[in-house]
Amino acid sequence: MLKSKDFVSMKDISADEILDILETAETMKMVLNNNSKKAPYLQGKTVIMYFSDKQSRTKLSFELAAQYLSASVADLSGTDNRYEEQTVVSMGKIMENMGADFIVLRHHCAGSAKYLAENVSARVINVGDGNNESPTNALLDLLTIKNIKGGFKGLNVTFVGDINNNRQTKSCILALLKLGALVRVYGPSTLINPAFTKLGVRICTDPMEACVNTDVIMSSKLNDMLNYERVMPSLNEYKNLFKVGTEMVNYAKKDCIVMSPSRVKRGIEVSSKVLDSNFNIVNDQISNAVASNMALFYLLSLNGGNK
Amino acid sequence: MKNNILLKNALICSSECDFKSDILIKDGIIAEISDDCHISFDTKIIDLNGKYVLPGLIDLNCEVCEPGYDFMEDLKTVSHSAAKSGFTSLTASPNTDPVIDNNIIVKHLKMLASEKSIVNIFPYGNMTKSGLDKELSDIGEMYNAGIVAISDGNKSVQDSFILKNIFSYARMFKIPVITICENKLLKNDGLVNLGYASALTGLRGIPASAEEVYVARNLLLSHEENCKIHISKITTRQSVDLIRFAKKMGVNITCDTCPQYIIFNEESVLNYDPYFKINPPLRTEKDNLAIIEGLIDGTIDCISTGHNPEHGESKRREFESASFGFSGLEPAFIVCYNNLVLKEHLTLFELVQKLSKNAYDILKIKNKGLIEVSQDADLFIFDPNGETLVKENELETKAKYSVYHGQAFTGSIDMTIVGGNIVFTK
């Protein structure tokens with residue numbers, strides 16, 4: 001059971017609740033593997049997808065998850081600039097008046113999901129709010145780690161890359177800390193806010209410090225939308241200093257896994273050798289995504305909300 | 001014909017001890033302070049039963065928004081808001097439309113103020129033409145038309161060469177140059193303090209150095225040009241340290257901060273409350289303490305309100321797209337009283353000095369800021385045992401939003417008198 005009616009941030013959710021979602025996701029995988037692929041948990045409920053960008057894979061995974069649970073799905077994605085002039089709450093109220101039980105939101109403003117959740121009775125799922133968080137994507141990483149490592153307590157996890165501008169990384173860090181993992185980060189100092197230490201994260205200054213005895217190395221992707229010219233010298237230097245390569249993996253534990261996003265910059269963020277090795281895991285497995293989305297819909301439908 | 005008023009049993013606040021007396025106001029001037037004032041038949045007698053009579057306050061950093069932005073605020077609403085908060089004088093920030101950068105607009109504003117405002121309005125002139133940082137504005141002509149200072153209109157001048165020349169030119173007229181300090185490149189379109197707040201919220205951060213670098217620059221340039229400088233809205237520990245050092249070195253510098261930088265810190269924005277989206281941003285708890293320390297040891301001379309009205313709708317939206325506005329006039333004095341006097345950081349006398357006499361002295365405005373015979377009768381009556389409950393819809397300003405909404409504060413302002421006229425009663 002989730003205490004809140006919404007799922008907007010890893011800050012607001014307890015370790016038990018995260019584990020609950022991950023366990024439910026495992027159950028949902030069984031539904032997915034079933035021939036009929038239908039479960040009645042969201043029968044009569046309406047899910048509205050409200051995305052202010054054109055990201056399609058995440059949206060697809062949520063649409064399918066909702067449909068597999070028998071919900072009606074409608075899409076109100078921001079191809080129209082007029083939506084941006086309106087506040088997310090005024091749009092949310094309109095959706096609610098049309099009968100939305102769930103709003104799946106991706107928005108360009110940090111904090112917008114929380115703002116919406118506080119002002120509508122529909123359940124809000126945050127699929128990325130500006131540069132803040134993307135807790136649903138973090139769930140996929142957590143699911144992968146749990147499947148392979150069995151648990152999180154005492155687990156050493158190292159993030160390498162852009163920590164400041166990666167909302168998935170931030171959600172993942174917040175969740176891992178709650179689950180008892182030890183988190184280290186490593187990357188250009190211009191891309192790591194020193195205040196992360198206040199959260200309990202160790203900021204490392206060399207690859208050995210970052211990766212020695214670690215269980216999981218996660219590549220934290222450079223943001224395609226950003227211009228890095230003024231915060232670091234070149235991709236060439238980045239590659240030489242911060243690429244997840246065999247050197248880093250050698251410092252780590254023998255059974256260490258490397259997790260990289262699906263659209264990783266091969267040879268820059270992660271070396272080809274590591275990417276092609278058997279300890280590399282592309283953490284964006286779409287079947288995991290659908291299952292964890294189904295778990296979220298299911299758990300949120302059990303609790304909270306006025307409907 | 002102005003009313004003669006006798007304020008009976010008034011408590012007068014002084015540096016040594018408070019004392020009770022009667023105050024006679026005649027022809028807009030404090031005519032007598034004694035227990036046996038000479039009254040005539042037409043004298044209006046008000047018994048204060050020992051409530052404080054304090055000198056009227058002045059706000060050094062206030063946007064009156066006229067001319068040009070009267071949909072956000074106008075001289076009538078802002079002056080009523082001021083009177084309600086004990087302010088008998090406001091300075092008018094020059095970032096209006098058109099920008100106050102020549103004598104004609106100064107005269108126009110003064111004319112508007114005489115028609116619409118119930119408190120004194122002292123205009124600032126913008127230091128550059130149209131506020132564009134490219135050419136010096138007509139500083140001398142504006143001075144002759146009645147400006148009390150030149151200011152950057154809350155838009156820090158980025159061009160150091162221009163600023164140096166402004167300091168040099170302003171020295172001729174012996175008027176202070178009022179600047180805020182914000183390096184745009186370091187600010188980098190940030191929204192909140194760079195550090196814990198930006199890390200946790202994912203909102204772009206503004207480093208403390210964006211302010212401090214320009215505090216250092218401005219004090220060095222003004223010192224070189226031997227010009228009087230006032231830095232408005234300082235928010236960080238290092239800014240306080242720099243100014244403390246500069247004062248020791250003999251730089252002719254004064255500064256102010258705002259109540260919000262004393263009370264709130266970056267923790268307030270963690271919930272994405274757009275009311276706390278202000279510029280400069282709320283800093284850390286350490287900075288709060290340094291600001292208080294600066295107020296206590298006199299490094300920070302004044303407190304301004306940073307009243308920057310924006311339309312309510314622009315504040316009630318997503319943090320990132322909300323405006324930086326802050327509705328600061330009401331109830332600035334009461335908030336300071338609760339957070340500085342009742343918490344024993346400053347005495348009531350010291351607080352009033354920082355909101356009144358010190359600021360009048362910086363602007364060289366005579367006969368205001370003291371309760372003394374022959375001073376202008378600009379004053380307000382303060383009941384330390386009263387209570388002020390802040391309600392957004394009861395604010396006089398057009399910026400009907402407040403971070404203090406729903407809060408009750410100790411103390412109330414019962415009456416405000418400007419030039420012998422009662423302009424506000426509770």
Side-chain angles (χ1 to χ4, degrees), chain A residues 8-12 52 83-92 105 107-119 126 128-135 163-171 173-174 177 185 190-201 203 223 226-227 230-231, chain B residues 183-210 236-238 265-278 281-287 310-325 401 405:
Chain A
V8 298
S9 164
M10 286 295 187
K11 285 171 228 151
D12 312 328
S52 67
Y83 292 145
E84 294 196 8
E85 289 165 18
Q86 299 214 29
T87 69
V88 67
V89 168
S90 63
M91 289 303 291
L105 176 77
H107 199 268
H108 57 278
C109 289
S112 53
K114 185 177 166 65
Y115 181 49
L116 177 65
E118 284 168 351
N119 287 287
N126 180 13
D129 57 332
N131 204 9
N132 181 30
E133 279 203 63
S134 182
I163 310 299
N164 278 355
N165 302 299
N166 192 319
R167 56 192 179 195
Q168 181 171 347
T169 295
K170 188 174 142 201
S171 286
I173 288 175
L174 291 168
L177 290 169
V185 295
T190 44
L191 300 177
I192 302 176
N193 188 329
F196 274 108
T197 48
K198 273 194 184 174
L199 302 173
V201 174
I203 298 174
N223 192 328
L226 291 183
N227 185 356
R230 294 179 68 195
V231 289
Chain B
N183 182 317
K184 266 192 189 161
L185 288 173
L186 285 170
K187 187 186 177 190
N188 192 24
D189 295 328
L191 304 171
V192 297
N193 188 40
L194 179 75
Y196 189 61
S198 64
L200 223 61
T201 57
L203 297 164
R204 196 179 280 208
I206 306 173
S209 58
T236 77
R237 183 171 57 85
Q238 303 243 57
N265 56 47
E266 58 179 355
E267 300 275 335
S268 298
V269 302
L270 297 183
N271 275 329
Y272 301 94
D273 184 345
Y275 284 13
F276 288 103
K277 181 175 174 181
I278 56 177
L282 296 170
R283 305 291 186 183
T284 66
E285 201 182 343
K286 274 187 191 163
D287 296 304
E310 292 270 0
H311 205 268
E313 285 312 302
S314 72
K315 290 300 284 180
R316 295 184 194 101
R317 52 183 306 133
E318 300 91 343
F319 193 98
E320 268 191 69
S321 58
S323 66
F324 275 107
Y401 51 87
H405 175 63

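All chains are named by letter (A, B, ...) in the order of the sequence lines, taking the proteins before the strands, and each is independently numbered beginning at 1.
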query = Should A:V185 and A:F196 count as side-chain neighbours, where that means a heavy-atom distance under 4.5 Å?
reply = no
inquiry  = When you compare the side chain of A:N126 with that of A:L105, does any pair of heavy atoms fall below 4.5 Å?
reply    = no
message = Ignoring hydrogens, what is the shortest heavy-atom contact between B:R316 and A:T87? Give both atom names and the distance.
response = O-CG2, 4.2 Å
query = By a 4.5 Å heavy-atom criterion (distance strictly below it), what part of A:I163 contacts chain B: side chain, backbone, both, or neither?
reply = neither
key: Residue-level contacts of residues 267-275 of chain B with chain A, using a heavy-atom cutoff under 4.5 Å   = B:N271, B:Y272
Heavy-atom check, side chain of A:N131 versus side chain of B:R204, under 4.5 Å = no
query = So, B:E318 and A:S112: side-chain donor and acceptor under 3.5 Å apart, yes or no?
reply = no
ask   = Side chain, backbone, both or neither: which part of A:R167 has a non-hydrogen atom closer than 4.5 Å to chain B?
value = neither
request  = Identify whether the distance between the nearest side-chain nitrogen and carboxylate oxygen of A:E118 and A:K114 falls below 4.0 Å.
outcome  = yes
ask   = So, do A:K170 and A:L199 sit near enough that their side-chain heavy atoms are less than 4.5 Å apart?
value = no
ask   = Does the B:S198 side chain pair with the main chain of B:V192, one donor and one acceptor, at a distance under 3.5 Å?
value = no
inquiry  = Taking side chain as everything from C-beta outward and backbone as N, CA, C, O, which of these in A:N193 sits under 4.5 Å from a heavy atom of chain B? Side chain, backbone, both or neither.
reply    = side chain
query = For B:L200, is it the side chain, the backbone, both, or neither that has a heavy atom closer than 4.5 Å to a heavy atom of chain A?
reply = both
